[in-house]
Amino acid sequence: MTDQDAGATGFRPIPMDQQERMVEAILFAAADPVSLRELADRLPVGCDPAEAVAGLRRHYAGRGVDLVRVGEGFAFRTAPDLSFLMQEQVTEQRRLSRAAIETLAIIAYHQPVTRAEIEEIRGVATNRGTLDQLMELGWVRMGRRRMTPGRPATFVVTDGFLDHFGLETARDLPGLAELRAAGLLDARPVQGMPGLVKRDADDDIIDHGPDGVLFDD
C-alpha cells in the first residue's frame with residue numbers, strides 16, 4: 001500500500017521495525033515454534049509477518065541466539081556453537097532402547113509409515129510400548145489413516161523431533177552413514193532400511209551398555 005492509498009483510506013501501515021518488534025515479542029514469549037499464519041492472526045491488519053521474520057533472522061545472525069525455522073514455525077534458539085554453555089542446565093536425561101531408536105529412524109525416513117510397515121522393515125514385531133514412548137517424548141505423532149482396508153494409522157515425526165535435533169524439515173535428516181557413525185544405527189543392514197539389524201524379538205528394555213544412546217532433553 002502506498003502513502004497516497006494510505007491517506008485515502010485513513011490507514012497507515014505499521015513501520016517494519018515496529019512489526020519486527022511485535023514478532024520478536026511473540027516469539028520470545030512463545031513456548032513452541034510459531035507459524036507465519038499464527039503470527040498473521042496476532043499482528044495488526046496490514047502487517048507482513050514473513051518480511052518481519054526475515055528481518056529478525058538477519059538481525060540475529062551471528063548473535064548468541066538464532067531465529068530458526070522449526071517445521072512450519074519459527075523460534076529463538078541458542079546459537080549452536082554456544083550450546084556448551086547450557087550443559088549445566090540440562091537436568092533430565094532419557095535413554096531410548098535400541099528398538100525405539102530403530103523405530104524412530106524408520107518413521108523419520110519413511111514417514112508416513114504404518115506399524116505393519118515398521119515391523120516389515122525391522123523384521124520383528126514392534127511392541128506398542130515403543131511407539132507410546134516416542135509419542136510421550138513428543139517426537140512421533142499419528143498421521144492420517146491410509147485409505148486401504150482397515151484404514152491403518154500412520155506415524156510421522158513432529159516439530160518437537162525436528163527442534164530437538166536442530167532440523168528445519170525432515171529433508172534435513174543426516175545420511176545413514178552419519179547415523180551409523182553417531183552410533184544410532186547398526187552397521188549390519190536389514191531389508192528395507194540399511195543399517196538396521198533384524199532380530200528375533202523386540203527389545204524394549206533400556207540399554208545401559210556400550211550400545212545405549214543417551215539423549216539430553
Side-chain angles (χ1 to χ4, degrees), residues 20-36 38-39 49-111 130-131 133-141 155-187 195-196 206-217:
E20 291 180 6
R21 290 186 67 235
M22 289 186 285
V23 169
E24 184 178 31
I26 293 172
L27 295 178
F28 181 80
D32 300 308
V34 183
S35 69
L36 292 178
E38 292 171 319
L39 288 173
E51 185 176 348
V53 166
L56 284 175
R57 296 189 77 174
R58 290 192 297 270
H59 174 75
Y60 280 96
R63 300 179 68 87
V65 293
D66 291 335
L67 178 52
V68 301
R69 179 181 171 185
V70 180
E72 296 300 319
F74 294 88
F76 284 112
R77 294 291 182 264
T78 301
D81 62 316
L82 299 179
S83 61
F84 69 95
L85 297 172
M86 307 297 114
Q87 289 179 355
E88 292 185 359
Q89 299 180 18
V90 177
T91 59
E92 184 178 4
Q93 296 179 336
R94 299 168 179 167
R95 289 185 181 273
L96 289 182
S97 66
R98 181 182 294 274
I101 294 168
E102 292 181 357
T103 300
L104 180 61
I106 291 170
I107 294 172
Y109 282 93
H110 291 263
Q111 65 176 340
T130 299
L131 291 169
Q133 180 186 17
L134 295 175
M135 287 191 284
E136 288 172 3
L137 283 173
W139 290 353
V140 168
R141 65 175 177 82
F155 296 91
V156 297
V157 294
T158 65
D159 286 350
F161 167 85
L162 300 176
D163 192 13
H164 185 91
F165 290 98
L167 306 171
E168 287 194 0
T169 70
R171 292 188 296 272
D172 298 320
L173 284 163
L176 296 177
E178 296 174 74
L179 292 179
R180 284 194 291 269
L184 298 183
L185 296 181
D186 195 285
L196 296 185
I206 292 178
D207 187 352
H208 294 282
D211 292 331
V213 178
L214 178 64
F215 291 91
D216 295 336
D217 191 17

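Remember, it's a predicted structure, so these values are computed and weren't measured experimentally.
- Panel note: side chain T158, backbone G138; a donor-acceptor pair is recorded below 3.5 Å.
- Closest of all the heavy-atom pairs between Q133 and S97 is OE1-OG, 4.4 Å.
- For the atom pair F74 CZ and I26 CD1, the distance stands at 13.5 Å (nearest 0.5 Å).
- Interatomic distance, D163 CG to R77 CZ, rounded to the nearest 0.5 Å: 3.5 Å.
- Between the OH atom in Y60 and the CD atom in E24 there is a gap of 3.5 Å [rounded to 0.5 Å].
- Relative ring orientation between W139 and F161 is described as perpendicular, the plane-to-plane angle rising above 60° on a 0-90° scale split at 30° and 60°.
- From T169, atom OG1 reaches atom CD of E72 across 9.0 Å, with rounding to the nearest 0.5 Å.
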For this session: Would you sort out whether M135 and V140 count as a side chain to side chain contact (heavy atoms under 4.5 Å, CB included), showing the intermediate values?
Result: CA-CA 5 Å; M135 287 191 284; V140 168; 4.1 Å; yes

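- Side-chain atoms of R57 never come within 3.5 Å of backbone atoms of H59 as a donor-acceptor pair (strictly under, hydrogens ignored).
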For this session: Assess whether side chain to side chain contact (heavy atoms under 4.5 Å, CB included) is satisfied between V70 and D32, documenting all intermediate values.
Result: CA-CA 9 Å; V70 180; D32 300 308; over 6 Å; no

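- Side-chain atoms of V53 and R69, non-hydrogen and from C-beta on, never get closer than 4.5 Å to each other.
- Rounding to the nearest 0.5 Å places CG of L134 at 6.0 Å from CD1 of I107.
- Here the side chain of Q111 pairs a donor or acceptor atom with the backbone of V157 at under 3.5 angstrom.
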